[in-house]
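Below is one structure, written out as C-alpha cells, with a few remarks after it.
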Amino acid sequence: MALSGLDIYKLLPKTNCKKCGSPTCLAFAMKLAMKKATLSECPDITTEAKKALEESSRPPIALIKSGSADNAVKIGGETVLFRHEKTFYHQTAIAISVDDTLSDTALLARIKEIENISFERVGQHIAIDMIALVNKSSSGEKFLSALDKILANSKKAIILVSLDSKTMESALKKCQDRKPVVHAADSKNLKDMCAAAKVYKAPLALKAKNLEELDKLSQEAGSLGAEEIVLDPEFETLHKSLNDLTQIRRLSLKRNYRPFGFPVIIFIKNTDKYQAVIDSCTFIAKYAGIIVLDSIEEDVLLPIIAMRQNIYTDPQKPVTVEPKLYKFGSPDKNSPIMVTTNFSLTFYTVAPEIEASGHSAYLLVTDSEGMSVLTAWAAEKFTPEIISDTMKKIELESVVSHKKIIIPGYVAVLSGKLEDVSGWQVLVGPKEASGIPKYLKEVWK
Ligand code: SF4
C-alpha cells in the first residue's frame, strides 16, 4: 500500500538540511508521495528507511512478463478489486494445453490449430496468447522433443508444465529467450525449481492444494530469491477456486500481503465444455492472470474471449472507431449516406447490417467521444451542429450528387434542426440497426 506524505516523513532524517533541493524534510516527503522526487535525492537517508520506503512503493500485485517481442504477455499489476473502481490493466492471458504424449503428426496439427485461432471483434484482432506444454508422458525426452516442435512452429509465449526439475532445466536451456513460465514448484521440488527459474530468469509458478500451503510456498520461494512468481491454487471446484482467487486478490490489495502479491494461473479442468466456458469467464472476472484450456473449439473460445474483451476495456474510455466516412460495397454519387456515432459497438452493429443489405452505401461516423447514439444525443455529443460540421469537414457535397442524409430513428428529433444547419434533406432511418437492410431496399430512393 502506498505510504502517505506523513508516513514517509517519519522515515526521513528530519534535519531540514535542504541537500535534496526541498526546503524541509516534510516538503521532500510530500514530493515523494506524489512521485515527483526519488529517494536518491536525499543523501542522508538511512539504509533501513530506504528499504522500508522501497518495499512500500512496490505494487501490491507484481507485474509478470513472459514471452518475447510481439508475443510478450503481461499479467498482474492490478490495483483494484472491481473494474468499475478504476480499470483492470493486464488482461487474462489465454493458454491452450498441448501434451507430450501426442504423436508428431498430432502435435504439429494441434500447434497449427492454435496458431490459426484468430477472431475479429469490435475492430480488435484476437488470438491465443500462450501454449502450455504438459509433461504428461513423464519422459524428459518426449517433453523436450515436443518443445522443439513448438519452438519451430510457434512464436507464442510458453508455459512449461513439469514437476521434474532436471527436465525443466533442459527445457529452459532451449527457450530462455521466450521467458517461459515454469510450472510448477511444489513442496517437494521447490528448491531445485527456484534455482532453475533464477538461473534462466523465468517466472516461477507455485502450486499447492490450499491457500495455507500456497502461502508457505510463496514465503519460502521469496526467501530462496524468487521474485517473479505466479500462484496456482489448484483448481478443484468453481466454488472453491473462486473463493481462493478472491482471498488472494483481497489479501494482496487490501492487506498488502506480499506472499499473495502475484498473479494467478488456473488450469480449467472441466470436461463439460459449457461448464468450462462458465469457469473460464468466472476466472476472467475474478481474478486469473492466466487460464489454461484444453479446448480449441470456437464455441468455447468465442464467449471466453468476448468476456475478456468486455472486462478488460477501460470503463472510462469506451472503445471507439475513427470518425470518418466509411464505404460499403462500391458506392457512387447516388448512394445513400447514413450517419452514426463512433462508439465501437454501435459501428460494428450498424456496419454488418449495411453489408448484409447488399446495397452500396456510405456511413458517416461522427466523433461522439465513444458514446452510443442515444447516450451521445443526451450528452450533446451527437447534435445537429456536430453532424453538420462533420459533413462539411468531410466535404460530403463532393461525394454524392444528392443532398440527403439518413439519421438513426432514435434521434428523429434532430431532423428539423439538422436540415436548418446543414441545408440537406434529413431522412429518418430505422431505430434498430437490424432494420437497415429493409430500409435501404424499400424506403431509400
Ligand atoms: Fe531532509 Fe534529506 Fe532533504 Fe535533508 S536531504 S532536507 S534530510 S529529506
Side-chain angles (χ1 to χ4, degrees), residues 1-66 72-91 179 194-195 197-199 201-204 206 214-231 247-264 287 289 312 314-317:
M1 210 176 296
L3 293 181
S4 69
L6 275 179
D7 293 331
I8 296 171
Y9 172 68
K10 287 177 196 159
L11 295 165
L12 294 177
K14 301 190 203 74
T15 58
N16 298 332
C17 71
K18 302 186 179 60
K19 288 181 207 163
C20 58
S22 296
T24 61
C25 291
L26 183 59
F28 182 65
M30 293 303 171
K31 277 192 190 171
L32 277 178
M34 290 187 285
K35 307 220 179 311
K36 288 184 176 165
T38 56
L39 271 181
S40 58
E41 289 167 52
C42 171
D44 298 335
I45 194 159
T46 63
T47 316
E48 296 76 47
K50 198 172 169 196
K51 208 173 152 205
L53 286 169
E54 278 171 352
E55 177 67 14
S56 73
S57 63
R58 259 178 55 192
I61 300 174
L63 177 65
I64 304 292
K65 295 175 193 162
S66 175
V73 168
K74 288 183 189 170
I75 51 168
E78 303 301 340
T79 57
V80 290
L81 269 180
F82 304 106
R83 172 185 178 267
H84 60 261
E85 286 179 272
K86 194 172 184 188
T87 185
F88 289 166
Y89 292 101
H90 301 104
Q91 66 176 11
K179 214 168 179 281
C194 258
K198 249 175 98 178
V199 169
K201 298 185 173 56
L204 176 66
L206 306 173
L214 196 57
D215 177 21
K216 199 166 152 235
L217 264 186
S218 182
Q219 294 194 41
E220 283 172 17
S223 63
L224 289 167
E227 287 177 358
E228 292 188 279
I229 287 174
V230 179
L231 304 169
Q247 290 299 329
I248 290 171
R249 176 64 67 97
R250 291 193 75 85
L251 283 165
S252 56
L253 287 187
K254 297 291 174 194
R255 301 281 170 87
N256 204 20
Y257 188 64
R258 292 297 184 194
F260 284 165
F262 300 100
V264 173
Y287 292 104
Y312 282 88
D314 185 341
Q316 294 161 78
K317 286 187 212 146

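For reference, positions follow the sequence shown, starting with 1. Order of appearance sets the numbers: ligands from 1, and atoms from 1 within every ligand.
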Donor-acceptor pair, side chain of Ser218 and main chain of Leu214, under 3.5 angstrom: no
Side chain Lys14, main chain Lys10, donor-acceptor under 3.5 Å: yes
Distance from atom 2 (Fe) of ligand 1 to nearest protein heavy atom, with residue and atom: Cys42 SG, 2.4 Å
Heavy-atom donor-acceptor pair, Ser223 side chain to Glu220 backbone, under 3.5 Å: yes
Atoms of ligand 1, numbered as shown, that sit under 4.0 Å from any heavy atom of Thr15: 7 (S)
Atom 8 (S) of ligand 1 [closest protein heavy-atom partner, distance rounded to 0.1 Å]: Phe28 CD2, 3.4 Å
Which segment of Lys18 sits under 4.0 Å of ligand 1 when only heavy atoms are counted: backbone
Region of Asn16 that comes within reach of ligand 1 [heavy atoms, distance under 4.0 Å]: backbone
Closest approach of any protein heavy atom to atom 3 (Fe) of ligand 1, naming residue and atom: Cys20 SG, 2.3 Å
Per-atom contacts, ligand 1 versus Pro13 - under 4.0 Å to a heavy atom: 7 (S)
Heteroatom N/O/S of Cys25 within less than 2.8 Å of atom 1 (Fe) of ligand 1: yes
Residue Lys50 excluded, over 12 heavy atoms near NZ under 6.0 Å: no
Contact partition for Cys17 relative to ligand 1, non-hydrogen atoms under 4.0 Å: both
Charged N-O contact under 4.0 Å between Glu78 and Arg249: no
Check: Leu81 main-chain N/O paired with Tyr287 side-chain donor or acceptor under 3.5 Å: yes
Aromatic ring pairing Tyr257/Phe260, orientation class (parallel under 30°, perpendicular over 60°, tilted between): perpendicular
